[in-house]
Amino acid sequence: MVGLLLAVVPAAGPADAQDRQSGADRPNILWLIAEDMGPELGAYGQPRVQTPHLDSLAAEGMLFTHAFTTSPVCSPSRSALNTGMYPFTIGAHNHRSHRPDDPSPYPHPLPEDVETISDWLRHAGYFTGNIVSFPEEISFEGTGKTDWNFSYEGRPFDTSDWTELVRHRPFYGQVNFSLTHRGDQWDRADELIDEPADPSGVDVPPYYPDHPVVRKSWAQYLNSVMALDQRVGQVLGQLRRSGVADSTIVVFTADHGRAMPRGKQWPYDSGLQVPLIIYVPAGLEAPVGYAAGTRSDRLISGIDVPATTLNLAGAPVPPKMQGEVFLGPGRDAPRQFVYGGRDRGDETVDRVRTVRSRRYRYVRNYNPGRPFFQTNRYKLANYPTIWVMHDLHRRGALTPAQRFYMQAERPEEELYDVQADPHETVNLADSAAYRSVLHQMRRRLGRRTKRIDDQGRFPEDPEVQAYYERRMKELYSKEIEALCKKWEMDGSVMDVCRN
């Protein structure tokens, strides 16, 4: 499961929302955003991690077990998280699109009456920050990441400095962490914690082979989660030292699921579920729908977080915002379904859409003639599990659940009973017993894609794909060439190894 962690303040009722619009007594709001992280916290039942800071907040707050982002890769997901709009609606669905140096249209402004959460809160009188710099008590810097697939004129935040942020009332801030993203901090995560995970003792999902390389990679992911927890603890400690902990809404979440094969860039639970927990400081009036020390299985979409944040701040939720309010006055009825999908990621062109209820996930592959493991040089350079799977596949040593992802072509439709099959390994789309469920979920997805005016139906300019193909080759070709030699792969096994 996955969660989001929110520290909450008393919600404004309809009668006093206008008074709070300009008053200094409104709550401060702080979002803490991890990268590439699923629900692997002790609070969510992960036994191989020690995450005391986040677990403590979860124990004192309200933990949501069914929170999902709209996209399993950062830039579309962050575009949605910061606007409350589906990336498919605002043309932000292709990863790293609309940048000044690539051929996709630039500038690409947001549609009329669509703004970022920081702007909506600024309209309501908030001082905003995307925090990089902390007082000397904090031993690291925030990344300051935005990574939006739209252009922005001016400054999206008022400051990047913690000390300046907390001098203002009310304030809204973001702190972005990169430890759970593949890279230097991921590689050193085991050195940053006291008790790293033992690769021999971790439980890897069944769609991965039980192999030492896979175990080591999974253990290092858990180490990165534990290192992240330490840094979250430092920020929460600084919040207390700054004297604003009792009046601040704290949001801990992730931009999408874990950086593993079948996680990041894959629209299953493993790529879309994210952490969500809400904590209300003692002595503050609880918002409508909040109950400390409890768990909720309410379905939450990432676009609901900005809508709910505005509601908790006593600010109006814009009529065009597609996110729904799940806490506070006038909250919406619980969702019955959440929607998501993926499009081009780096040089890998694709279009997948998915709808999930509490029990079922339906996946529509719009390019069924392509393999699951299409060439993606970023992942090949960073995910050793992919090489293990190709190696074992040619040896005939994978299980049926693992071989499913090595197929040359994908099915057009997938259907999973996530209650009976939480790892989504048994595709029920061809099962007569689930035909009515398949038809219902198919219709549900079709209606939603029309309702949100899904821009994924329009293909990108081929020059955009060609640009990213060249760029990924420049970045990773030498490393991949070395990996082809290490694993003794040739073009008959992996196209990328063809000379």
Problem - side chain to side chain donor-acceptor pair (under 3.5 Å) partners for Q465, two or more places apart - result: none
Practice task
State which residues pass side chain to side chain donor-acceptor pair (under 3.5 Å) with Q50; sequence neighbours excluded, sorted by chain then number.
Solution key: E195
Completion exercise
Only one of R410, R344, R370, R364 passes salt bridge (charged side-chain N to carboxylate O under 4.0 Å, His left out) with D350, and that residue is R410
If you round to the nearest 0.5 Å, how far is [atom2] of [Y] from [atom1] of [X]?
| X | Y | atom1 | atom2 | answer |
| --- | --- | --- | --- | --- |
| H423 | Y208 | NE2 | OH | 10.5 Å |
| H181 | C74 | NE2 | SG | 5.5 Å |
| E412 | N367 | CD | CG | 10.5 Å |
| Q273 | M37 | CD | CE | 12.5 Å |
| F88 | R448 | CZ | CZ | 11.0 Å |

Problem - Evaluation steps, side chain to side chain donor-acceptor pair (under 3.5 Å), between N223 and D190 - result: CA-CA 6 Å; N223 292 337; D190 56 318; 5.2 Å; no
Nearest non-hydrogen partners of [X] and [Y], listed with the distance:
| X | Y | value |
| --- | --- | --- |
| S104 | V464 | N-CG2, 3.7 Å |
| G271 | T69 | O-OG1, 4.2 Å |
| S71 | S77 | O-CB, 3.6 Å |
| L398 | R403 | O-NH1, 2.7 Å |
| S296 | R298 | OG-N, 3.1 Å |
| N149 | S75 | ND2-OG, 3.0 Å |

Considering only NZ, NE, NH1 and NH2 on the basic side and carboxylate oxygens on the acidic side, decide whether [X] and [Y] come within less than 4.0 Å.
| X | Y | result |
| --- | --- | --- |
| R395 | D391 | yes |
| E479 | R377 | no |
| R356 | D269 | yes |
| R471 | D102 | no |

Is a donor on one side and an acceptor on the other found under 3.5 Å between the side chain of [X] and the backbone of [Y]?
| X | Y | result |
| --- | --- | --- |
| T375 | V496 | no |
| N311 | L327 | yes |
| N365 | P411 | yes |
| W120 | V317 | no |
| Q407 | F372 | no |
| R99 | S97 | yes |
| D55 | A43 | yes |
| H390 | W487 | no |
| N376 | T348 | no |
| H108 | F150 | no |

Side chains of [X] and [Y]: does their closest heavy-atom pair fall under 4.5 Å?
| X | Y | result |
| --- | --- | --- |
| Y434 | L415 | yes |
| P334 | E324 | no |
| V225 | T180 | yes |
| D36 | D255 | yes |
| Q336 | S357 | no |
| S217 | M260 | yes |
| N382 | Y476 | yes |
| Y339 | T70 | no |

Handout entry: Geometric cation-pi criterion R335 and F68, 6.0 Å radius, 45° cone
Key = no
Exercise for the section: Answer with yes or no after comparing the ring centroid distance for F326 and F64 against a 6.0 Å cut-off, counting only values under it. Expected result: yes
Practice task
Compute the ring centroids of Y207 and F404, then answer whether they are less than 6.0 Å apart.
Solution key: no
Practice task
List the steps, then state whether side chain to side chain contact (heavy atoms under 4.5 Å, CB included) holds for V418 with Y268.
Solution key: CA-CA 10 Å; V418 292; Y268 301 102; over 6 Å; no
Fill in the blank from the handout: Which of Y405, W387, W266 passes ring pair (Phe, Tyr, Trp, His ring centres under 6.0 Å) with F373? Answer is W266
Practice task
Dump the intermediate steps for side chain to side chain contact (heavy atoms under 4.5 Å, CB included) on R231 and Q185, then the final yes or no.
Solution key: CA-CA 12 Å; R231 292 197 176 173; Q185 293 191 73; 2.6 Å; yes
Completion exercise
Paired with R215, the side-chain hydrogen bond (donor to acceptor under 3.5 Å, both in side chains) test is passed by just one of D210, D203, D198, namely D210
Handout entry: The single option from R48, R258, Q46 passing side-chain hydrogen bond (donor to acceptor under 3.5 Å, both in side chains) against E40
Key = R258
Practice task
Could you check V305 against T253 for side chain to side chain contact (heavy atoms under 4.5 Å, CB included), going step by step and ending with a plain yes or no?
Solution key: CA-CA 10 Å; V305 176; T253 191; 5.7 Å; no
Practice task
List the steps, then state whether side chain to side chain contact (heavy atoms under 4.5 Å, CB included) holds for L299 with R358.
Solution key: CA-CA 7 Å; L299 287 171; R358 281 194 186 84; 4.2 Å; yes
Practice task
Using a cut-off of 6.0 Å, state whether more than 12 heavy atoms not belonging to D430 lie near its atom CG.
Solution key: no
Problem - Single hit among T143, V251, L81 for side chain to side chain contact (heavy atoms under 4.5 Å, CB included) with I33 - result: L81
Practice task
Please say which of D417, V338, V355, L272 ends up in a side chain to side chain contact (heavy atoms under 4.5 Å, CB included) with R361.
Solution key: L272
Problem - Test item: side-chain donor near acceptor, R262 and S270, under 3.5 Å - result: yes
Exercise for the section: Decide yes or no on salt bridge (charged side-chain N to carboxylate O under 4.0 Å, His left out) for D343 and R457, but give the supporting numbers first. Expected result: CA-CA 10 Å; D343 295 85; R457 66 187 187 275; over 6 Å; no
